[in-house]
Amino acid sequence: MRNFVSLISPPNCGASQLSECLVAGGYVNPEIKAKSAIANINKQMMSAIGVTRHNIPTYLNLGGMKGPASWLRETFLQDMEMAWLIDVEDSDLGIVLSCPSQSILSQLWSEVARKNGFWCKSILVTCEPEVYASSEYKSAGSSFGESQSVWSRLMLASIRNSPLGTHILRYSDVLSAPVLALESVGLDGVGCQAPNSHSEVMFAAESSICAEDRIVLSKRLFNALSNAKLIDDLDSKAELCDSIDYLIRVGDEASGNVYALGDASAGRNKLQNKRHSIILHHHLFKNAGTSVDHILKRNFDQLWNEKEFKVPNRLSNSDLVRSYNIANSDYSVFSSHTGHGSLDFGIEDTSIYPIIFIRHPVLRALSAYDFEKKQTVETDGSILAKSNSFEDYIKVRLGRQNDYAFKNFQARRLAHFTGKRIIDLEKQSWATVESLPFIGLVEEFEKSMHEMALYLQGPFPDFKVYEAHKNVTSKVPKSIEEKLNEVSDLLGEETFMNIVRHNEIDISIHNYLCEKYKLVDA
């Protein structure tokens, strides 16, 4: 029977070295690398639940395959099985997979592997915080304090998300005695199909708990976490035990395996068992988003978070936004320039409060030009703005076939609320306008903030509106009609009518909101 070994490890903690040991020992073929089908599907799944190199969600309910894990399985399992066939079909020995977030995927890949007749084992590779900090300093210049904090979060997340039966190896043990390290997790011969290490037998006998039903947390690893000041001493119910509240004491210190992870159901479901409210701020470029974020930050401080998402082939990425919110539900506010919304996210025990502001599209274009002309960051837009007049800038942007920055841009963002793909832009965008509980108007910012406060004080009674005028390129109060006349003079009649023609849906939605906010000169 061929082996499937899933290596779980934060970055720079020794998974690559252990992978080399497994290959050298004849247990598996060389590790599947970054451009493989499996690696690509891993990247998609990690992006879907908001995992980054330095952030692995610590509470996902993977043991019971509920919530995000269930969604991952339903969404990606078929693609995972196809990727497996592509990468593993000709494997004569077996395969090894490792990535910084493998703990989250190990159970799913093991399911695929078993279907294809593989014997499966998960191994968590750990290292001391000093070793991790040294690697991070060399690769990224991170300070020891920063690295220690990251190490603590990643280790806790890896432990919490590892499937039951995962074995733990220390990086230094792999380097100093690789054969003994492999034997300690039951890999004592090529094609080994059952764990039989002495330490596991002793542990099981002393604790009356089957080793395959628990994750063994060695005393040395527990001490390492203690040295990171996550706990005060081994016998107290301190921060680590509070964070991993299904950590149980078994055996005695002489065995070297004195702690194990027990039933995960209570700990992993904590955040999902209470009603949660999340504000999603869809930060459209040059639509007063910076001012809105300023107010949200003042209200929510550390509970405010910002996240950008990839947009595949102009499809909605609302699934990514949804799953990121599930994976990070300890935040109350998410702000994103690129994350799409949905009228029905359907997150269990969670209420979503979307915020989006609309602006006259022609005035938005002028503001974008002024902003990009002044900014120091060298982007395609800023380079174009600095080297062209406003008229020429707009001509170029409107002439590009796939450039929608000033072509019913706001309607497109609204339309994605109702579907993955835009089939009927006008119909879908208006359906969103009629369904969203709140849409702000940039030209009536103060009135909009009053309405937003009423909207958010239901779930957040202490929400307050603070004065904020951030990232403003024009401070002269003028009517919309006066501003449009000035823009018309800048663009010339032909270009002005051209941009109006490309934004008819945006303008109609804007006029509707002007009437709603009683802006008479709209």
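Numbers here simply count residues along the sequence, with the first being 1. Just so it is clear, the structure is predicted and the values come from calculations on it, not from any experiment. Every heavy atom of this structure was used, including side-chain atoms; hydrogens, water molecules and symmetry mates were not.
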Task: Between Gln410 and His510: side-chain donor-acceptor atoms closer than 3.5 Å - done: no

TODO: Taking side chain to side chain contact (heavy atoms under 4.5 Å, CB included) as the test, write out the residues that go with Lys115, two or more places apart.
DONE: Leu77, Glu81, Glu111

Task: Salt bridge flag under 4.0 Å for residues Glu486 and Lys478 - done: yes

TODO: With sequence neighbours excluded, tell me which residues meet salt bridge (Lys or Arg N to Asp or Glu O under 4.0 Å) with Glu372.
DONE: Arg397

Open item on the list: Centre-to-centre under 6.0 Å for Phe118 and Trp109, is that the case here?
Closed with: no

- [ ] Assert yes or no for the condition that the ring centre distance of Tyr404 to Phe409 is strictly below 6.0 Å.
- [x] no

TODO: Could you check if a side-chain atom of Phe463 sits within less than 4.5 angstrom of a side-chain atom of Ile295, using non-hydrogen atoms only?
DONE: yes

Open item on the list: Going by side chain to side chain contact (heavy atoms under 4.5 Å, CB included), name the residues that satisfy it together with Asn317, two or more places apart in sequence or in a different chain.
Closed with: Phe309, Val311, Pro312, Leu320, Val321, His340

Open item on the list: Counting the benzene-type ring for Trp, do Trp304 and Phe334 have ring centres under 6.0 Å apart?
Closed with: no

- [ ] Indicate whether any N or O donor in one side chain lies under 3.5 Å from an N or O acceptor in the other, for Asp293 and His281.
- [x] yes

Task: Pair Lys447 + Glu451, salt bridge at N-O below 4.0 Å - done: no

Task: Expected output: side-chain Asp403 to main-chain Gly399 donor-acceptor under 3.5 Å - done: no

Open item on the list: Could you check whether any side-chain heavy atom of Ile358 comes within less than 4.5 Å of a side-chain heavy atom of Leu414, counting everything from C-beta outward?
Closed with: yes

- [ ] Determine whether the side chains of Arg322 and Asn325 contain a donor N or O and an acceptor N or O closer than 3.5 Å.
- [x] no

Open item on the list: I'd like to check the side chain to side chain contact (heavy atoms under 4.5 Å, CB included) partners of Tyr353; sequence neighbours left out, ordered by chain and number.
Closed with: Ser277, Ile279, Ser351, Tyr455, Leu456, Pro459

- [ ] Taking side chain to side chain contact (heavy atoms under 4.5 Å, CB included) as the test, write out the residues that go with Asp380, two or more places apart.
- [x] Arg400

Task: All salt bridge (Lys or Arg N to Asp or Glu O under 4.0 Å) counterparts of Lys386, not counting sequence neighbours - done: Glu378

- [ ] Compute whether any side-chain donor of one residue and acceptor of the other, for Thr432 and Ser435, lie under 3.5 angstrom apart.
- [x] no

Open item on the list: Are Phe300 and Tyr331 an aromatic pair, judged by ring center distance below 6.0 Å?
Closed with: no

Task: Glu308 side chain to Thr338 side chain, donor-acceptor N/O pair below 3.5 angstrom - done: yes

Task: Salt-bridge contact Arg359-Asp506 (side-chain N to carboxylate O under 4.0 Å) - done: no

Open item on the list: Show, in sequence, the C-alpha distance, side-chain angles and deciding distance for Thr290 and His294, and conclude whether the side chain to side chain contact (heavy atoms under 4.5 Å, CB included) test is met.
Closed with: CA-CA 6 Å; Thr290 304; His294 174 77; 5.8 Å; no

